[in-house]
Amino acid sequence: MNQEKKKLLKIGELAKRAGVTVRTIRYYEELGLLSPTEVSPGGFRLYTENDLYRFQFIQRFKDLGLPLEEIHALIDSSEPGESKMQRIMASYSLFEKQLKKIEDKISELEVSKANIEKGMEALNVCKECSREICLPTCSNKKSLL
């Protein structure tokens, strides 16, 4: 029992090992993503190495841009008796969904980039124009709109 107690980490130790703030650990607890394994008689939250691994698992998904709500749903859908393949497929599905979002965002950014480049080209033409005032009939003015 005493040997077991030495393996438990206080919230500050868990945060330090995970490379985050104590507030982040508490926030994950509020969301139901993480919970202390034990609470000491003095009221300290105590965590195991498995809790640290769970936190790191969550962080890996978060670092890939997945929203915490979706990570929470993935964790909640994982049953202790689930097969390895079921867990892999659930993670794969989540990755596919995130990849689609990223691809859509890239497409939007490419359109924005093309529009900005078009506007810059039109402004370069305007720089070379000898008129002091842009005329409403200027064909280049339409390129800026």
Side-chain angles (χ1 to χ4, degrees), residues 1-129 133-134 136 138-145:
M1 180 77 168
N2 224 4
Q3 195 71 352
E4 226 175 80
K5 290 287 183 193
K6 288 184 181 179
K7 293 181 183 179
L8 295 175
L9 307 167
K10 291 182 183 175
I11 192 168
E13 295 166 320
L14 177 68
K16 184 177 180 178
R17 290 201 41 204
V20 297
T21 65
V22 168
R23 178 66 194 123
T24 299
I25 302 292
R26 288 187 180 133
Y27 179 63
Y28 281 28
E29 285 180 8
E30 289 170 20
L31 294 177
L33 289 164
L34 192 66
S35 59
T37 298
E38 288 183 36
V39 177
S40 74
F44 292 104
R45 294 173 170 102
L46 301 172
Y47 304 87
T48 63
E49 289 291 321
N50 284 340
D51 296 321
L52 176 61
Y53 298 143
R54 180 182 174 103
F55 183 84
Q56 291 168 335
F57 171 83
I58 294 165
Q59 282 298 103
R60 278 195 298 277
F61 279 97
K62 187 175 174 288
D63 291 345
L64 293 171
L66 296 164
L68 289 174
E69 298 81 32
E70 290 184 31
I71 298 169
H72 192 279
L74 176 66
I75 291 171
D76 280 354
S77 70
S78 274
E79 296 296 324
E82 268 188 341
S83 73
K84 174 182 162 184
M85 191 52 69
Q86 288 170 315
R87 289 190 309 273
I88 288 171
M89 293 309 295
S91 296
Y92 191 89
S93 174
L94 192 55
F95 284 155
E96 278 184 319
K97 187 176 175 182
Q98 188 63 15
L99 184 59
K100 174 72 172 119
K101 287 180 187 177
I102 290 169
E103 289 169 344
D104 290 346
K105 186 67 176 174
I106 288 170
S107 295
E108 290 172 19
L109 291 171
E110 286 173 344
V111 169
S112 294
K113 180 184 178 204
N115 289 335
I116 289 170
E117 288 171 341
K118 182 179 171 188
M120 291 171 73
E121 287 173 19
L123 289 172
N124 282 329
V125 170
C126 288
K127 282 192 315 189
E128 302 301 320
C129 181
I133 298 173
C134 284
C138 177
S139 61
N140 196 45
K141 191 173 188 177
K142 293 175 188 169
S143 298
L144 290 169
L145 301 176

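Here the structure is a predicted model, which means the values were calculated and not measured.
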Review point. Out of curiosity, T24 OG1 to L34 CG, how far, rounded to the nearest 0.5 Å?
Key: 11.0 Å

Review point. How are the rings of F55 and Y28 set relative to one another: parallel (under 30°), tilted (30 to 60°) or perpendicular (over 60°)?
Key: tilted

Review point. How close do P67 and Q98 get, heavy atom to heavy atom, and via which atoms?
Key: CD-OE1, 4.1 Å

**Study point:** Sidechain-backbone polar pair: D104 side chain, K101 backbone, donor-acceptor under 3.5 Å
**Key:** no

Check your understanding: Roughly how far, to the nearest 0.5 Å, is the CD1 atom of I71 from the CG atom of L64?
Key -> 8.5 Å

Review point. For the side chain of E49 and the backbone of K7, is there at least one donor-acceptor N/O pair under 3.5 Å apart?
Key: no

Exercise for review: Using atom types as modelled and distance alone, determine if a side-chain donor or acceptor of R45 lies under 3.5 Å from a backbone N or O of T37.
Suggested key: no

Practice item. For ring pair (Phe, Tyr, Trp, His ring centres under 6.0 Å), just list the numbers for F57 and F61, CA-CA rounded to whole Å, side-chain angles, deciding distance to a tenth of an Å, and then say yes or no. Key: CA-CA 7 Å; F57 171 83; F61 279 97; 4.7 Å; yes

Review point. Is there a side-chain contact between T48 and L9, using heavy atoms and a 4.5 Å cut-off?
Key: no

Check your understanding: Would a distance-only check, ignoring hydrogens and angles, find a side-chain to backbone donor-acceptor pair under 3.5 Å from S112 to E108?
Key -> yes

Review point. Is there a side-chain contact between L46 and V39, using heavy atoms and a 4.5 Å cut-off?
Key: no

Check your understanding: Looking at V22 and A15, what are the two nearest heavy atoms and their distance?
Key -> N-CB, 3.8 Å

Point to revise | Nearest-0.5 Å distance, CZ of residue R60 to OG of residue S91 | key: 10.0 Å

Review point. Hey, is the main chain of V125 close enough, under 3.5 Å, to the side chain of E128 for a donor-acceptor pair?
Key: no

Revision key, fill the gap. Of all heavy-atom pairs linking L33 and R54, the shortest is O-NE, 2.7 Å

Check your understanding: Taking NZ, NE, NH1 and NH2 as the nitrogens, is one of them in K113 or E117 under 4.0 Å from a carboxylate oxygen of the other?
Key -> yes

Check your understanding: Can you find a pair of side-chain heavy atoms, one from Q56 and one from L52, that are under 4.5 Å apart?
Key -> yes

Review point. Where do R17 and E13 land on the salt bridge (charged side-chain N to carboxylate O under 4.0 Å, His left out) test, with the steps shown first?
Key: CA-CA 6 Å; R17 290 201 41 204; E13 295 166 320; over 6 Å; no

Review point. When you look at K127 and N124, which way does the side chain to side chain donor-acceptor pair (under 3.5 Å) test go after all the steps?
Key: CA-CA 5 Å; K127 282 192 315 189; N124 282 329; 3.3 Å; yes

Review point. Around F95, counting heavy atoms of other residues, nucleotides and ligands shown, do more than 12 lie under 6.0 Å from its CZ?
Key: yes

Exercise for review: List the steps and the verdict of salt bridge (charged side-chain N to carboxylate O under 4.0 Å, His left out) for K105 and E110.
Suggested key: CA-CA 9 Å; K105 186 67 176 174; E110 286 173 344; over 6 Å; no

Point to revise | Pairwise distance CD1(I25) to CG(L14) - rounded to 0.5 angstrom | key: 4.0 Å

